[in-house]
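A quick note: this is a predicted structure, and the numbers were derived from the prediction, not measured.
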Amino acid sequence: MEPLAKESCAACRPNSPRVTAYEIVNLKSQIPDWDFIEKNGIPQLERTYKFPDFKSAIAFTNSVGEAAETEGHHPALLTEWGKVTVTWWTHAISGLHRNDFIMAAKTDAIANQFPT
């Protein structure tokens, strides 16, 4: 299986399939530090990253934003002093798609380039 961080996002439409429970189990192994949450009835992936200062946190936010633009898939980003919370879900299907797991893995790869 190719690492998720090496994959590219597929175009999503309202009729695109959500990930199955079986797929979630397999994909989660590549993003073990992400939490499954539900907001307004919509399943989402969320993780908070810690940084030594605001400058690092905002630089990380900008890097995640650039990756999101490249892939055409955008997260919710909450940037605070010393931490950034990233939340992925697919708006078009109000749930989780493989793209969300791909972008979570890409986000982890970006985080590995920053001091903690």
Side-chain angles (χ1 to χ4, degrees):
M1 176 192 305
E2 181 177 21
L4 285 170
K6 299 286 186 190
E7 293 185 32
S8 293
C9 290
C12 243
R13 308 220 180 324
N15 63 347
S16 294
R18 292 181 180 186
V19 289
T20 66
Y22 176 78
E23 289 171 316
I24 288 172
V25 169
N26 289 319
L27 296 170
K28 179 70 167 102
S29 67
Q30 291 192 53
I31 55 162
D33 297 320
W34 286 78
D35 295 318
F36 287 97
I37 63 166
E38 190 171 301
K39 289 183 184 172
N40 301 318
I42 300 171
Q44 302 173 8
L45 295 172
E46 186 170 87
R47 182 170 178 193
T48 299
Y49 297 88
K50 304 232 185 253
F51 298 94
D53 51 37
F54 186 76
K55 185 177 181 180
S56 299
I58 199 71
F60 171 75
T61 298
N62 289 334
S63 292
V64 172
E66 287 177 26
E69 275 296 298
T70 297
E71 292 292 336
H73 192 56
H74 305 91
L77 296 164
L78 174 60
T79 305
E80 303 174 78
W81 192 98
K83 68 180 180 177
V84 178
T85 301
V86 182
T87 310
W88 291 103
W89 76 100
T90 300
H91 299 81
I93 61 172
S94 297
L96 292 172
H97 185 273
R98 185 177 186 88
N99 290 347
D100 301 303
F101 291 83
I102 291 168
M103 292 308 295
K106 287 181 183 289
T107 305
D108 283 345
I110 293 166
N112 288 336
Q113 300 170 18
F114 286 84
T116 56

- Message: So which atom in Ala59 and which in Phe114 form the shortest heavy-atom distance, rounded to 0.1 Å?
- Response: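 What the structure gives for the nearest pair is CB-CE2, 3.6 Å.
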
- Query: Can you name the one residue among Met103, Lys106, His97, Arg98 that meets side-chain contact (heavy atoms from CB on, under 4.5 Å) with Cys9?
  - Reply: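 Exactly one pass, corresponding to Met103.
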
- Quick one: does Ser56's side chain have a donor or acceptor within less than 3.5 Å of a partner on Asp53's backbone?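 Not confirmed, Ser56 side chain does not pair with Asp53 backbone.
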
- Task: Using atom types as modelled and distance alone, determine if a side-chain donor or acceptor of Lys55 lies under 3.5 Å from a backbone N or O of Ile58.
- Result: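 Between the backbone of Ile58 and the side chain of Lys55 there is no qualifying donor-acceptor contact (under 3.5 Å).
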
Output the distance between atom [atom1] ([X]) and atom [atom2] ([Y]), rounded to the nearest 0.5 Å.
X      : Y     : atom1 : atom2 : result
Lys28  : Leu45 : NZ    : CG    : 8.0 Å
Lys83  : Thr61 : NZ    : OG1   : 12.5 Å
Asp100 : Leu4  : CG    : CG    : 11.0 Å

- Taking the side chain as C-beta and beyond, is there a heavy-atom pair between Glu46 and Lys39 under 4.5 Å? yes

- Check whether any side-chain heavy atom of Asp108 sits under 4.5 Å from a side-chain heavy atom of Asp33, and report yes or no. no

- Message: Please determine whether side-chain contact (heavy atoms from CB on, under 4.5 Å) holds for the pair His73 and Thr90, giving the CA-CA distance in whole Å, both sets of side-chain angles, and the decisive distance to 0.1 Å.
- Response: CA-CA 8 Å; His73 192 56; Thr90 300; 3.4 Å; yes

- Task: Classify the ring geometry between Phe36 and Phe101 as parallel (under 30°), tilted (30 to 60°) or perpendicular (over 60°).
- Result: tilted

- Query: Parallel, tilted or perpendicular for Phe51 and Phe60, by the 30°/60° rule?
  - Reply: tilted

- Message: Would you say Trp88 and Thr107 are linked by a side-chain donor-acceptor pair, where the criterion is simply a distance under 3.5 Å?
- Response: yes

- Treat each ILVMFWY residue as a node, draw an edge where side-chain heavy atoms are under 4.5 Å apart, and state whether Leu96 and Ile93 are in one component.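 In one cluster: no.
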
- Message: Assess the residue pair Arg18 and Ser94 against the criterion (side-chain contact (heavy atoms from CB on, under 4.5 Å)); give the C-alpha distance rounded to whole Å, side-chain angles, the decisive distance to 0.1 Å, and a yes or no.
- Response: CA-CA 9 Å; Arg18 292 181 180 186; Ser94 297; 3.9 Å; yes

